[in-house]
Each structure stands twice: as structure tokens, then as C-alpha cells.
Amino acid sequence: MSDAQPNQVLYLQAVQYTYPNSHSGISVSHWQVNRGEQIFLHGPSGSGKTTLLNLLAGIISPDTGNIAVLGEQFSGLSERQRDLFRARHIGVVFQQFNLISHLTVAQNIALAAHFAGQLRSVEQRIEQLIMALKLPTEVLTKKAGQLSVGQQQRVAIARALINQPEVLLVDEPTSALDASSRDAFMQLLIELCNAHQTTLLFVSHDESLSKYLEKRLALSEIIDMPEVRTC
Amino acid sequence: MLMTFALSSLRSRGKSLALTFLSLFISVSVLLSIEHVRLQAEESFNRTVSGVDLIVGAPSGQLNLLLYTVFRMGSPTNNIDYKSFQMLKDHTQVKWAIPISLGDSHKGFRVLGTNDSYFEHYRYGEKQPLNFSDGQSFSGVFGAVIGADVARSLQYKVGDQVVIAHGVGAVSFKNHDESPFTITGILAPTGTPVDKTVHVSLAGIEAMHLAHDKLEQVLKAPANINNPLVRPDSVTAVMVGLTSKFATFTLQRELNNYPQDRLMAILPGVALTEMWQMMSSVENLLRFISILVMASSLFGLSTMLLASMQQREKEIAVLRIIGAGAGIIFRLILVEALLLTIVACATSVVLLSVIFAVAKGWLASHYGLFISANVFTVHTALVVGAILLATLMCCLLPAIDAYRGALNQRLS
């Protein structure tokens, strides 16, 4: 990529995406995020936050334009290569249901390592992460469905970070948590991202969370107004 | 990893899984048992008689003659002259001839009058001769040799006395109780109707049908087989072995046109095939039904997987986000279906082995079916293979569904 700079982690250029069976979509003319940045991206629901994350994770492809993560252009990758790239370089935490409820916590995290092709000393790293997230090690053998929502969200961070991704995409992770566990969650998240120098993109409609992150952006600053086309 | 995941996912679906498993298990068992019984029945059927070139009896149908001479089923219609037996025995192309006289029974087991040539020449299975597990062939008029099943179910041993009843029903009103027979030998098990037969001499058959005063004379000298009073004047049928197989058809034609007696000669192989063909339509019907049952439970499996797809959307989203390709999701569904079917097949093979091992004796004594308890045959493997293939086909639909869903999956 000619215009790629070495510290560019996320890069979008002239991206347009239309929702299937619909005339509306989003478009981003230019946006980039540099290595190590921690960005709080806020916007009302329905403003295209989740669609942006889908595009950045390579789950959906834009109609036109370039998306590059760590200098790798998604349009140049096959479906399978994109899956592997995502597994190795991008960690994702959703609002809820981050874990497979019938697997144990350890199996959930190990599964993520498995799809990234990382099989060496996984158990040791799982244990380290669980301890860093201030969870008792007994949770490792519990089924994910038996944990409280707060615990599940913390395990989701461990799951997202097991492959030491350069980018962490987080989508409304605290909306199901109460105030005290939300604080604990945010502190741990920032702590771990600092420790691993992970680039963080935190998406939420709750502006009170912006105090935890260094940089704050409104979605409307990067997305040209959600398009409504009529034919 | 895929396996661990599939197992865990299956286990998490408790009740619907248990029901689907039961329906698969039942239909696999039905299919496998029908196939097993069918093959075993055909085998036990074809092994009942071996090495007999012609069976000669009074004219009726060839199936009828085969049924009562070989399978001890049905009733003989007419007898043939003893002279005809002698003619056959002395015929230049005949190597050996076994006379058979039927019509009496002992506690439901058929009684067959014959002579020493039966024990010498009769063959079953792969040309195996009859062996004595205890004692020896009868020598006098009132000796009897019993088959293995008779000995086992009636707890008889050599030296015991048996009374023979007239007719072939299990309950008889006319017993020949003035002329008890002494068991001189017990045959080793053969897995054929021989096991359920009481063999006595032709002279013995004559003797028990004599009037009271004549019988007393015979009883005075029971060792004398050549007593004119017990000389047979007819037999039911004759089994014939030839010196050369090429003479079979010539001799058959010659016997069917024999002027001195009304005879009919049949080829046991041909008659067995004809009989098996008659049974095969029933057998095909059973097979067809069991395949339908199998198909319906495979559709049940497919339905269960399809129905679970909605609940699994979130699970698939998680898998996608941690880097699982749509292909893995596709394979996962198939692995789950296959695992379930494999377990169902394995369980039903074990169950059938146990059931056949237990019911073996009962099937043999009640239906003359000699079924081996060994279900682990090439044929079973083929049937299981076909079931697995059908499972794959039936579960393509939910798998494709999951694949498409995975491709269009969004984070939310």
C-alpha cells in the first residue's frame, strides 16, 4: 500500500456500504487510527457504529473503497485469509453473548487461540490473563453460561486478548453491567490495553464512559451523514 | 477441537437430543436386525442340506416335498413303495440312498424313520457330516438317536426311554406307549432341523404301528431288525447321492416316468431357490418399511438441527468473530449429526448382539431360524456406512443454512 504509514493501524478511504435490502448505508471518506491510540467513539444507536465495527473486523465488505488494518488491505484477502487475519490481529468484545455458553471458560479462550493457530503454552497464558482480570482461577473450569454477566464480560476481554492482537474493537461492553462493575471493567480494560500497547476502539452511546479513554470522537465526525437514497 | 466443540454442543441440547437419538437408535436397530435376520435366515436355510443330488417322493409339489423332507414342516401326502427305495439303492448311477419315513412325533419334535445310511451320508452346511456328541447309532428295532435341541430342551440322555405319538401335533391323543424307544445316541448340534428330530429305524416305525399281539412278538426279540413283521413296505421319501452330477437330470426324468410306482424327483438346490424367492417379496417389503422408518428419523435429525439454528445464531457469531470460517461452521453441523448417528449405530449393534445372543435358542426352537449372535459382519458395516452417508445427505440442508447464516453474520 503506497500511502500506508508504519504506525497506521486502522485506515479507511472512500468507503461506502449499503445495507442489504435497503437504500440506506454509511460512507467514510477518510479516517485513520494510529498505533497505541485509545479512542472513544460515541454516537446514538442506529447511527452505524456496529456497521463500522463489522467493516473493520472484515465480517462484511464495503461496496466501494479501501479498508486496511495494520497495512493489510481487506479487499486483497480471500474469505479464509480474512478469517485468519481477524483471529490473529483483531480482538472483539460485544455488548453481550461473547462466549459459547456450553463450553468452559478455559475452552472458550482456547478456542480463540485454536482458530489463530496458536497452540503453544496457551494454558499458561489463559491463567495469566484470568488473574490479570482479577477473576478467580476456578472460573476456568466452569461453563461460561454459569458465570455472572460481569464475569462473562471480563472473560470476553481475556478471550479477545489471548492472541495478543494489535487492535481491540469493543462494542457497548458495559451496557449490561451495573455502575460498580462497569468501573472495574473499564479500569481493567484500559490497564490491559496499556500493558499490551493495544490499539483500542471503544464504541458506545454512553458518553460518561469517555473519561476512561484519552481520545474522544463523535461518530458524526468520521461518518458522512447516514445516507438515505431514493430511487 | 471441532470434536470437543461438537460433543459439548450436543450435550447442551438435552431433551431434543435425547429424543432424536432414541428415534435414530430405534430405526437403526430395526434396519440392522431385519438385514441380519434376512441374511442369517437365508444362510441357515441354504445350509440345511448339502450334497443331496435328488429327493424322491410321491408326486405333489416340489416345495411340499422339500418342506417335509428337509425342514420337517407340513405333512407328507403320500408314501412311495419300499421297492422303489430298493430300486434307487441298487441303481448304477446312485452312490447312496437314504430312506425317510415321517408322520410321527415326540412332544412336538418330528420323528424320522431311517437307517444307518442317514448318519453316514447326510451332509449339512459345507458338506459337514453328522457327529455323535454321545452314544452311537441305533442297532435294534427300538433304538432312537436324538438331535441336540431335543436332548437339551427335554433334558434327555443316552439310555432314557421315549414314547412316540401318532401324528405331528405337539399334543397327541394316540401314543404308541406299548413300544417305548431307548435313546442310543445324541447328535452334535448342527444348526439345522436335524437338531430337532428324533431318529429311529424304519423297523421301529413299522413296529409301533403294529397291532397289540404282533407288537408283543416283536418285543420278544427287539434286536432282530429283519423280523418279517417289521419289514417296511413303504417310505415317505428318499434322499439320493449320485456317482456323477451329470446324471442328475437324466435320472430325474427317468424317475418321473417310472412305470412301477408314482415318483417325483426334485433337485434340492432348485427347490430351495424357488422357496427363497417366494419369501423374498415379504423380505423386500420389510426392508422397504425399515428404510422408510430410517429415512423419517433422519429427517427428524435434520429438523432438530434446523430448529436449533435460530438459537445458535449467537454461537455462530462468536465463532465467526474469533476467526472460524464459514466452512468450519458447515463442518461443525455435519460432525454433530454424524457423531449422533455413529453413537446410535454403535449402541444398536451392541443391543442387537445381546438380543440375538439371548433369543438365539428360542428362535431356533420356535421358528427353526438359526441366527448367529455375531452382528459384526461386512454387511452390517455396509448398512452402517449407507446410514452415515444418508445422514450426511439429510444434514446438508441445515449445514448449508448455517454456512449461509455464517457468511451474513453481523456483530450486534
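Sequence lines set the chain letters: A, B, ... in the order given, protein chains first and strands last, and positions in each chain run from 1.
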Find the distance between [atom1] ([X]) and [atom2] ([Y]) and round it off to the nearest 0.5 Å.
X        : Y        : atom1 : atom2 : answer
A:Ile100 : B:Arg312 : CD1   : CZ    : 9.5 Å
B:Ile328 : A:Phe115 : CD1   : CZ    : 4.5 Å
B:Glu315 : A:Ser101 : CD    : OG    : 6.5 Å

- Message: Test: ring pair (Phe, Tyr, Trp, His ring centres under 6.0 Å). Region: residues 296-324 of chain B. Which pairs qualify, not counting sequence neighbours?
- Response: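 Found none.
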- Would you find more than 12 non-hydrogen atoms of other residues, nucleotides or ligands less than 6.0 Å from A:Gln197 atom CD?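 No, not enclosed.
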- Does the side chain of A:Ile59 reach to within under 4.5 Å of the side chain of B:Ile321, using non-hydrogen atoms?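 Counting from C-beta outward, A:Ile59 and B:Ile321 do come under 4.5 Å.
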- Message: Is there a side-chain contact between A:Leu111 and B:Ile322 in this structure, where contact means two heavy atoms from C-beta onward sitting under 4.5 Å apart?
- Response: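 Counting from C-beta outward, A:Leu111 and B:Ile322 do come under 4.5 Å.
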- Message: As an exercise: rank A:Leu103, A:Leu169, A:Ile162 by heavy-atom pairs under 4.5 Å with chain B and give me the winner.
- Response: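 Looking at each option in turn, the highest pair count goes to A:Leu103.
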- What part of A:Gln107 lies closer than 4.5 angstrom to a heavy atom of chain B: side chain, backbone, both or neither?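 When you check distances to chain B, atoms from both the backbone and side chain of A:Gln107 fall under 4.5 Å.
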- Task: Would you name the heavy atoms of B:Gly323 and A:Ala87 that are closest together and state the gap between them?
- Result: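 Closest heavy-atom pair between B:Gly323 and A:Ala87: CA-CB, 3.8 Å.
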- Verify, without hydrogens or angle tests, whether B:Ser8 (side chain) and A:His102 (backbone) share a donor-acceptor contact under 3.5 angstrom.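 Between the backbone of A:His102 and the side chain of B:Ser8 there is a qualifying donor-acceptor contact (under 3.5 Å).
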- Pairs in or reaching into residues 84-94 of chain A: which pass salt bridge (charged side-chain N to carboxylate O under 4.0 Å, His left out), with residues at least two apart or in two chains?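 Non-adjacent pairs meeting salt bridge (charged side-chain N to carboxylate O under 4.0 Å, His left out): A:Asp83-A:Arg86.
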